[in-house]
2 protein chains.
Amino acid sequence: MHLTDYPRPSVAVDVAVLTVHDETLKVLAVPHRLGRPALPGTFLHQGENLADAATRALRDKAGVEGAAVHQLRMFDDPHRDDRGWVVSMAHGTTVPSDQIPQNAMLFACDGPEVKDLAFDHYDMTTLAVTDLRERYGRHPDPDHLLGESFTVLELRRLYEIVYDRALPKDSFRRQIIDTLDPTGALSATGSGRPAEMFRRRDGVELPRSATALLVG
Amino acid sequence: MHLTDYPRPSVAVDVAVLTVHDETLKVLAVPHRLGRPALPGTFLHQGENLADAATRALRDKAGVEGAAVHQLRMFDDPHRDDRGWVVSMAHGTTVPSDQIPQNAMLFACDGPEVKDLAFDHYDMTTLAVTDLRERYGRHPDPDHLLGESFTVLELRRLYEIVYDRALPKDSFRRQIIDTLDPTGALSATGSGRPAEMFRRRDGVELPRSATALLVG
DNA sequence: CTAATAGTGTCTTTCAGACATTATCCT
DNA sequence: AGGATAATGTCTGAAAGACACTATTAG
């Protein structure tokens, strides 16, 4: 039997775009023909790889550019799409909220609306959040949600949102400070002592104990 | 455009079967039409899901039954297979060596032969080993490479093979002992004090500090 | 000065890691 | 008894976490 003789599923990609908006971790959704909002997705084109398809879906359906996507897992229930046999590779990515179009739908990842997403897109979102937490537990802001430079306070606020828990300010600082490079600059503060600015050092790993602090 | 009008890649599955044999972590390979050995794999059948296809490949190509497979990632380079457009979902699984047929090919995961596997199967193997280490760092022998009950020494030996490093016997014991249930039985020892036997407690997680001990 | 926020010194408790000692089997 | 292996007691150094103190800005 030649390989072209095998029946083949349609192959789709979907992308869970996570962002921090209003102090909350949110996921981007787009309108879908069935009424229920869905993650941006598309079918794989001839000769295209999955990441390229996901990036294309992100641009065409959500107006988001320049985000690096990564695979989460393949959703392969043969009956997950009533239009036919469609398997879909769930992808994750994270973008700062200012790179998301104003008119986009954003749902809180732990909110009730996200459960109403089309298909199995709620499960994809859950997976993306778990994945985000694992990656942030290993590296300091690996997805560059903060700009090139930031204060320790800004970083801690971000982690409190990602992990949805309060983090002790002094322990947090001591855990991450050695993985950051000081820029020398100080933050333009409102009042109070100005904070030092830091930047990421590439390839640096957080200490194992930091993961314990974050997860709790 | 209707979904059936999209060009579709052939979808394959491959399985990296890991086992411990001769005190070494090895991967199972099978003969392949191109000469170079390959991981057992197959094409997805109509209406089948990926895990079922992988399990079928395991049974038909390698004679291994009853192993639970899990997805690693999709290898999707459009030119990875010169027969045409074939994407393949790499799967991982682990089986005790006594469940592997005698005539099977086993390659040391860190040996030179594994690099000669067909297609991108070397990368798949590397991914399976990384995945194994992550999972063993979180749970005590989650893949049941040891039997239902075992001694702390047997467990430590296993971990030394999985992580390819010596582990201090007393620290190791204290790290994992609270995650195990004593059976009350003692090991039939050659000479010396017999060791206590333990069994896994389901759902139990290793402490975060254990991961640090293991990874080093 | 006071208010406000950033950053650090210090104490306590916990624990990994090393080492030594005790415990329990065998011949 | 003596040998061998399992298991545990103990010490030390390191570090997390809590708390309080100092430092540096604005007004």
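Residue numbering restarts at 1 for every chain, and letters A, B, ... go by the order of the sequence lines.
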Undergrad: Can a salt bridge be assigned to the pair A:R56 and A:D52 using a cut-off of 4.0 Å between side-chain N and carboxylate O?
TA: no
Undergrad: One character per nucleotide, please: for nucleotides 22-27 of chain C, 5' to 3', B when the base has a protein heavy atom closer than 4.0 Å, S when only the sugar-phosphate does, - otherwise.
TA: -BBBS-
Undergrad: Does the side chain to side chain contact (heavy atoms under 4.5 Å, CB included) test come out yes or no for A:L72 and A:H91, once each step is laid out?
TA: CA-CA 5 Å; A:L72 296 173; A:H91 289 74; 5.6 Å; no
Undergrad: Atom CG of B:L180 and atom C1' of D:dA7: how far apart are they, to the nearest Å?
TA: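 It is 15 Å, rounded to the nearest whole Å.
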Undergrad: Hey, are A:D116 and A:R36 close enough for a salt bridge, meaning a charged N less than 4.0 Å from a carboxylate O?
TA: no
Undergrad: For the pair B:R199 and B:D181, find out whether any cationic side-chain nitrogen is under 4.0 Å from an anionic carboxylate oxygen.
TA: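 Here B:R199 does not pair with B:D181 in a salt bridge, since their nearest N and O are not under 4.0 Å apart.
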Undergrad: How close or far is atom P of C:dA6 from atom CD of A:E196, stated in whole angstroms?
TA: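 It is 12 Å, rounded to the nearest whole Å.
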Undergrad: Which whole-number value in Å describes the distance from B:R208 CZ to C:dC15 C1'?
TA: 17 Å
Undergrad: Within this structure, what is the CD-to-C1' distance between A:E154 and C:dA6, rounded to whole angstrom?
TA: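 Rounded to whole Å, this separation is 13 Å.
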Undergrad: Phosphate oxygens OP1/OP2 of C:dT8: is one of them under 4.0 Å from a side-chain N or O of A:R173?
TA: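 Yes, because at least one side-chain N or O of A:R173 sits under 4.0 Å from OP1 or OP2 of C:dT8.
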Undergrad: Reading nucleotides 11-19 of chain D 5' to 3', which nucleotides get B (base under 4.0 Å from a protein heavy atom), which S (sugar-phosphate only), which -?
TA: -----SBBB
Undergrad: Under 30°, 30 to 60°, or over 60°: which ring-plane class applies to A:H121 and A:F119, parallel, tilted or perpendicular?
TA: tilted
Undergrad: If you find the nucleotide of DNA chain D closest to B:M197 and the one closest to A:K169, which residue's nucleotide is nearer the 5' end?
TA: B:M197
Undergrad: What is the distance from CZ of A:R156 to C1' of C:dA6, rounded to the nearest Å?
TA: 10 Å
Undergrad: Whole angstrom is fine here: how far is it from CD1 in B:I177 over to P in D:dT8?
TA: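 One finds 7 Å between P of D:dT8 and CD1 of B:I177, rounded.
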Undergrad: Do the two ring centres, one from A:F198 and one from A:F150, sit under 6.0 Å apart?
TA: no
Undergrad: Decide yes or no for B:C109 and B:T125: does some side-chain heavy atom of the first lie under 4.5 Å from some side-chain heavy atom of the second?
TA: yes
Undergrad: Between B:R80 and B:D76, does any NZ, NE, NH1 or NH2 come within less than 4.0 Å of an OD or OE carboxylate oxygen?
TA: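 No, this pair does not count.
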Undergrad: With a 4.0 Å cut-off on N to O distance, would you call A:R157 and A:E23 a salt bridge?
TA: no
